[in-house]
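To start, the structure itself, in structure tokens.
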Amino acid sequence: MAGLAAATKLAEAGEHVTVFDARNRPGGRVWSETLDTPQGRYVIERGAEFVLDGYTSMRRLLSHFGLSLVDTGMSYYVREPGDMAGITCDDIIRTGRKALELTSSNGLQGTAEELLAALPDEPELVDALRARIEISTAVSASEVTAKSLQHIASFEPKPSWRVAGGNQRLPDAMAAALGSAVRYGETVRAVENISDGGVLVTTDTDTSVFDAVVVALPLAVIRDPQVNLPSTEARSAALKHVLQGHAAKLHLPLETPPPTSAVMSVEGRYWTWTATDDSGVVAPVLNAFMGSPSAISRANLTQNPSEWVLKARALRTDLDIARNASALTTVWSEDQLAGGAYAAHAPGATAAGTALLEKPVGDVFWAGEYSEPEFVGLMEGAIRSGERAAERVMQRLETTSRDSDSERTKA
């Protein structure tokens, strides 16, 4: 999404762009597919799912391409614990708000785990809040910054949306508008600044020279030593405060349409939901999202994903899950072109440090959800970051053109 956002903005400004995508589809970790159920076929999101408050850039692009949003009828922010007797969502809300109050004097310093350790509540309730943090950030509470509470501790029942027909429709529309400028199945191996200006891009099949390049790769790929990318000491230092999240999703068909719902497993570090789709009815699909490397390891997803299916059935006995359900599991850590899910910030992450992540290195510019200070890890963050990169490229090209005109005038 970050790369498509950058390319879209540059193309609309009249620049000639080329997009290299190692996949055979646009969107990266935005990925809609369909699931067969006894009630028919329904769109599911194997990747990024919810459109939330503040997604102004994404809404603008949706409007531009004639796409609309559908209210899911449930709230991303409100999840009832389904495996902890005596603890309710309201209890977690109170504890979350108490945690935020405790940190008001120290500016949310340290890790989320350090914050949890200071809470006076009973261990079971604190663990429920810990589960909420680890699920939503997709990393351990002992690693993620306590500032993550500002995002995930918004327990107000705010609405949640999806793109009507699937979130995939937005990257599809952006790629279609770019046409042949998008080159699929092209894995970039190296991006190198040229001493006298411009950038050399090497893929598995070709080498090309560009005036400027926007690197819009997932965090895990950026860190892959097999991908040759330029950097600086300052950028490398700033990257140390960005965490690679790990997440998995599960989709199970239901025999009959259920009511909307959102139920969390504290022990399993995952949550489940049922939601309204663009037909106006609740889709007969149970969706589930598991966050943090330790949860994925405990669930044995890479070896036996059917274990998660059994646990989801036990958690959601209120739903009529199809007996011979063909479950669809997506483990983003196993996706070689992503290396994980979305990013999160570690303690020490600052606005200045985050800005360094997007500072150009020569004629190489950077974009990605991992570099967004406010909407880190989200579709909105990817789009905003990509559009910022495009603006910087245009400023660089304008300056280069102006300098060239000046040199010709002198000559």
Side-chain angles (χ1 to χ4, degrees), residues 1-21 26 28 55-58 60-61 64 171 174-175 177-178 181-182 188 190-201 208-219 221-223 227-239 241-242 343 345 349-406:
M1 288 291 278
L4 287 172
T8 297
K9 194 173 186 69
L10 287 164
E12 290 176 348
E15 301 294 347
H16 177 71
V17 300
T18 299
V19 179
F20 294 104
D21 197 325
Y55 279 38
T56 54
S57 298
M58 186 171 181
R60 171 175 41 79
L61 283 174
H64 175 77
M174 297 166 78
L178 292 166
V182 183
V188 173
V191 177
E192 303 166 274
N193 280 297
I194 302 172
S195 58
D196 57 350
V199 184
L200 188 70
V201 175
S208 308
V209 176
F210 298 91
D211 295 319
V213 166
V214 176
V215 176
L217 294 169
L219 179 63
V221 181
I222 294 270
R223 288 174 165 161
V227 182
N228 184 16
L229 300 171
S231 190
T232 63
E233 287 187 11
R235 176 178 168 79
S236 297
L239 275 172
H241 298 292
V242 187
H345 288 152
T350 63
T354 304
L356 283 172
L357 297 176
E358 293 186 354
K359 186 176 181 180
V361 179
D363 291 317
V364 176
F365 298 75
W366 306 88
E369 47 80 19
Y370 69 91
S371 67
E372 162 64 23
E374 182 181 359
F375 291 90
V376 61
L378 304 175
M379 289 183 286
E380 177 70 13
I383 292 168
R384 291 190 182 197
S385 178
E387 292 184 339
R388 284 195 300 268
E391 290 170 358
R392 293 186 178 107
V393 169
M394 289 187 285
Q395 291 170 1
R396 174 70 59 83
L397 295 177
E398 183 180 347
T399 300
T400 302
S401 176
R402 189 165 54 244
D403 291 345
S404 297
D405 290 343
S406 177

Quick one: CD1 on Ile194 to CG on Asp363, what's the gap to the nearest 0.5 Å? 8.5 Å

N/O donor-acceptor pair under 3.5 Å between Ser371 side chain and Ala367 backbone: no

Report the residues that fulfil side-chain contact (heavy atoms from CB on, under 4.5 Å) with Val221, sequence neighbours left out, ordered by chain and then residue number. Leu217, Pro218, Val227

So do Val242 and Thr354 actually touch side chain to side chain, heavy atoms under 4.5 Å? no

Where is the tightest heavy-atom contact between Ala181 and Val17, given as atom of each residue plus distance? CB-O, 3.3 Å

Quick one: closest heavy-atom pair of Arg235 and Trp366, and the distance? NH2-CE3, 3.1 Å

Atom of Val376, atom of Ala343 and distance for their closest heavy-atom approach: CG2-O, 3.8 Å

Between OH of Tyr55 and CZ of Arg384, what distance do you get to the nearest 0.5 Å? 10.0 Å

Would you say Arg396's side chain and Gly362's backbone share a donor-acceptor pair under 3.5 angstrom? yes

I need the Thr350 OG1 to His345 NE2 distance, nearest 0.5 Å. 9.5 Å

Straight-line distance of Glu391 CD to Gln395 CD, nearest 0.5 Å: 7.0 Å

Please name the pair of heavy atoms, one in Val393 and one in Ala212, separated by the smallest distance, quoted to 0.1 Å. CG1-CB, 4.0 Å

Taking atom types as modelled, is there a side-chain donor on Ser385 or Glu372 under 3.5 Å from an acceptor on the other? no

Closest non-hydrogen atoms of Ser236 and Ser231, given as atom of the first, atom of the second and distance, are OG-OG, 3.3 Å

Can you confirm whether more than 12 heavy atoms, excluding those of Asn193, are under 6.0 Å from its CG atom? yes

pair Pro26-Met174: side-chain heavy atoms closer than 4.5 Å: no

Identify the heavy atoms of Glu380 and Thr56 that sit nearest to each other, and give their distance. OE2-N, 3.4 Å

Distance col, row Met58:CE vs Phe375:CZ, nearest 0.5 angstrom, shows 12.0 Å

Please tabulate, one pair per line, all N/O donor-acceptor pairs under 3.5 Å involving side-chain atoms of residues 8-15, not counting sequence neighbours.
| from | atom 1 | to | atom 2 | distance (Å) |
| --- | --- | --- | --- | --- |
| Thr8 | OG1 | Leu4 | O | 2.7 |
| Glu12 | OE2 | His64 | NE2 | 3.4 |

Value for CD1 (Ile383) from CE (Met1), rounded to nearest 0.5 Å, stands at 4.0 Å

Side-chain donor or acceptor of Glu369 paired with backbone N/O of Ala382 under 3.5 Å: no

